[in-house]
Enquirer: 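Please read through the structure below; I'll follow up with questions.
We count residues from 1, following the sequence as given.
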Amino acid sequence: MFKTNNVTSRIFERQIRTPAPGTSVHSARRFYENLVPSFTIYDVECPDHSFFKFTDDGQYFVCFSRNRQDLIVYRPTWLSFSCKGEDCDNNQELPPQVKRFESFFTQLYVKPLASSNELICKDFFLYMESNQFGIFATSTAQIQDARGTDGAILGVPSFEKITIHLFRLEDGFKLDEKVFHNDCVNLTHNMGAFLYDDLLAVVSLRYQTIHILQIRDSGNLVDVRAIGAYCREDDELFINSSSQLAGNRGDLVDNGTNHDQPNSNNSFLSGIKQRLLSFIFREIWSEETDQTQRVQCLKKKFYFHFQDYVDLVILKASRNTDQLPAFFAVYNMETTEIVAFYQNAADELYLLFERFCDHFHATSINSIYMNFISSHSNNIHALEQLKSMKNKATSISQFVKKMLSSLPLNCQSMSPSPYFDQSLFRFDEKLISATDRPRQSTDHPIRFNSRRQGDILKFKIKTGPEFGSADGRSKKYSHFLFHPVWPLALSFIQPSLFLPPSAVNIHFRR
């Protein structure tokens, strides 16, 4: 139950009352019901940068230069100013210098990140909280009709060079890099990479390979495993040695006569594809106990669709798969086995996603802030909202496909700000959410109501002055960045998704 609006009273209550075991952090987060953004500075004077995001702990604010060549990192600082007189209250006008970006952020450094023929992937950034390492990416221009090379699949664009950079954010020192040549990695919104503790997985779409890299405390990127053509570390050695042995035997029998042998790379399906086919075969085999029925079942469900299974490629699922068959495979890297296989309309997978959504996030054990993101598996209000959407859906099958289209969930794509905690605040997710994406702008303020205090208004975020502005008609899209700890947020007004913001506003507690 909500106690009081008085911060001092709540602090005193905290001193004399011990929360229930395991709830101390949640009790502390309830203080944000009293500490909310209460003032907005509109059209702040900002440097001409591409503002990206706060790190998960709020220590750094990551930006890129407009020409996508330089990395610019700021330290968020709280506004401080002084005034004279006896009426220094909230009605006092702020000094003119407060309307500058530098009043809230201190630049730490500017570092060149991209080479002359590369550009920064401005939608990609991963943060390793334990070491305060930042992972960035640069790439050359995209080649649409790239020639097919050995092992590459057709129809996938290519980049001459993709570079993964590892930086120490404290001083901007470059620690290491990993280069992919003539490859394709979908880095938009961290789609093609996932960071878990000290392991970084990068998905090569062109060569259908999952590269597992380890980030050492020393700042080195070390290749651990490549899952695709081979599943175990010694698979390639075993296959090559077997091929050489078979070739030597053929030379002895044929007395040195050469025969055209197919390339070993094209003779076999990839290791992960063979694992998938064997899993599907065993699943269908176990459905029937009668031998005759089993054979018939295999003909209908496996051999009839065999080429379709062979033609499957690893991609990031999207809503474009609503009209196409798509599948999700769960792979165990230690045993190199496929442990589950679902179609994108599978009710079983949807129920797992509904009940155990937090397991799909797989946040780092070292992360303090990312563990408090609201989901329908840890928050009753989010679950009720999801069920309401499900009840209103005209087609349950299409609803399931739409919900599962977000899988695999993008790494570090959601803000851990307490103002998106649905146990504390209620807000319209059509206008704003923990997912940092530009949305259609609205002239109405976005309201944040208290969940535990009778649904009363706690604060509101407006992207324009109270009575509108001269450029109000040009507002098209709005984008919000919330600090993960402080009552501080930035809103960006963009005339289109592809143009820089026309106005930047800062919302903070005065």
Enquirer: Is the backbone N or O of Ala345 less than 3.5 Å from a side-chain atom of Gln343, with the two atoms forming a donor-acceptor pair by type?
Expert: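 Answer holds: no.
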Enquirer: Is a donor on one side and an acceptor on the other found under 3.5 Å between the side chain of Lys462 and the backbone of His444?
Expert: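 Judged by distance alone, no pair lies under 3.5 Å.
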Enquirer: Side-chain polar contacts of residues 478-488 - donor-acceptor pairs under 3.5 angstrom, sequence neighbours left out - could you list them?
Expert:
{"unit_1": "His483", "atom_1": "ND1", "unit_2": "Val485", "atom_2": "N", "d": "3.0"}
{"unit_1": "His483", "atom_1": "ND1", "unit_2": "Trp486", "atom_2": "N", "d": "3.0"}
{"unit_1": "His483", "atom_1": "NE2", "unit_2": "Gly58", "atom_2": "O", "d": "3.1"}

Enquirer: May I ask you to decide if Phe448's main-chain N or O and Arg426's side chain share a donor-acceptor pair within less than 3.5 Å?
Expert: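 Not confirmed, Arg426 side chain does not pair with Phe448 backbone.
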Enquirer: With the threshold set at 4.0 Å, does a side-chain nitrogen-carboxylate oxygen contact exist between Lys301 and Glu287?
Expert: yes
Enquirer: Looking at residues at least two apart in the chain, or sitting in another chain, which of them share a side chain to side chain contact (heavy atoms under 4.5 Å, CB included) with Asp311?
Expert: Gln307
Enquirer: Report yes or no: does Gln412 contribute a side-chain atom to a donor-acceptor pair with the main-chain N or O of Tyr127 at less than 3.5 Å?
Expert: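 Such a contact is found between Gln412 side chain and Tyr127 backbone.
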Enquirer: Counting N and O atoms only, with roles assigned by atom type, does the side chain of Lys476 sit under 3.5 Å from a partner on the main chain of Ser441, one being a donor and the other an acceptor?
Expert: no
Enquirer: Table please: side-chain donor-acceptor pairs of residues 389-397 below 3.5 Å, with sequence neighbours left out.
Expert:
{"unit_1": "Asn391", "atom_1": "ND2", "unit_2": "Lys387", "atom_2": "O", "d": "3.1"}
{"unit_1": "Ser395", "atom_1": "OG", "unit_2": "Gln398", "atom_2": "N", "d": "3.3"}

Enquirer: Got a sec, which residues hit salt bridge (charged side-chain N to carboxylate O under 4.0 Å, His left out) with Asp421, two or more places apart in sequence or on another chain?
Expert: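 Counting only residues at least two positions away or on another chain, Asp421 forms a salt bridge (charged side-chain N to carboxylate O under 4.0 Å, His left out) with Arg29.
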Enquirer: So, for Phe167 and Phe133, is the gap between ring centers shorter than 6.0 Å?
Expert: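 No, ring centres 6.0 Å or more apart.
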Enquirer: Would a distance-only check, ignoring hydrogens and angles, find a side-chain to backbone donor-acceptor pair under 3.5 Å from Asn505 to Thr463?
Expert: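 Yes, because the side chain of Asn505 sits within donor-acceptor range (under 3.5 Å) of the backbone of Thr463.
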Enquirer: If you measure from the Lys or Arg side-chain nitrogens to the Asp or Glu carboxylate oxygens, is any gap between Glu337 and Arg275 under 4.0 Å?
Expert: no
Enquirer: Are the side chain of Ser374 and the backbone N or O of Gln422 linked by a donor-acceptor pair below 3.5 Å?
Expert: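 Confirmed, Ser374 side chain pairs with Gln422 backbone.
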Enquirer: Side chain of Asn131, backbone of Met128: donor and acceptor closer than 3.5 Å?
Expert: no
Enquirer: Do Leu312 and Leu276 have side chains that approach each other closer than 4.5 Å (heavy atoms only, starting at C-beta)?
Expert: yes
Enquirer: Please check if atom CZ in Phe356 has more than 12 non-hydrogen atoms from other residues, nucleotides or ligands closer than 6.0 Å.
Expert: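 No, because the 6.0 Å sphere around CZ of Phe356 holds 12 heavy atoms or fewer from other groups.
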Enquirer: For residues 194-210, pull every pair meeting side-chain hydrogen bond (donor to acceptor under 3.5 Å, both in side chains), keeping only residues two or more places apart or in separate chains.
Expert: Thr149-Tyr207, Asp183-Ser204, Asp197-Ser364, Asp198-Gln214
Enquirer: State whether the side chain of Ser286 and the backbone N or O of Arg282 hold a donor-acceptor pair below 3.5 Å, judged by distance alone.
Expert: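 Judged by distance alone, yes, a pair lies under 3.5 Å.
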Enquirer: For Asp217, check salt bridge (charged side-chain N to carboxylate O under 4.0 Å, His left out) against everything at least two apart and list the hits.
Expert: none
Enquirer: Please examine the side chains of Ile162 and Ser139, heavy atoms only from C-beta on, and report whether any two atoms are closer than 4.5 Å.
Expert: yes
Enquirer: For Tyr60, does the six-membered ring have the charged nitrogen or CZ of Arg75 within the cation-pi criterion, i.e. under 6.0 angstrom from the centroid and within 45° of the normal?
Expert: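 The answer is yes, since Arg75 meets both limits relative to Tyr60.
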Enquirer: Which of these passes ring pair (Phe, Tyr, Trp, His ring centres under 6.0 Å) with Phe51: Phe64, Phe101, Phe125?
Expert: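 One option only clears the test, and that one is Phe101.
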Enquirer: Any chance CZ of Phe12 has more than 12 other-residue heavy atoms, nucleotides or ligands included, within less than 6.0 Å?
Expert: no
Enquirer: Think Arg447 forms a cation-pi with Phe427, using NZ or CZ under 6.0 Å from the six-ring centre and within 45 degrees of its axis?
Expert: no
Enquirer: Over 60° means perpendicular and under 30° means parallel, so tell me whether Tyr419 and Phe425 are parallel, tilted or perpendicular.
Expert: tilted
Enquirer: Looking at Phe180, is Lys178 sitting on its ring face, NZ or CZ under 6.0 Å from the six-membered ring centre and within 45 degrees of the normal?
Expert: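 Judged by the rule, Lys178 and Phe180 form a cation-pi pair.
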Enquirer: Is there a donor-acceptor pair closer than 3.5 Å between any side-chain N or O of Asn190 and the backbone N or O of Ala193?
Expert: no
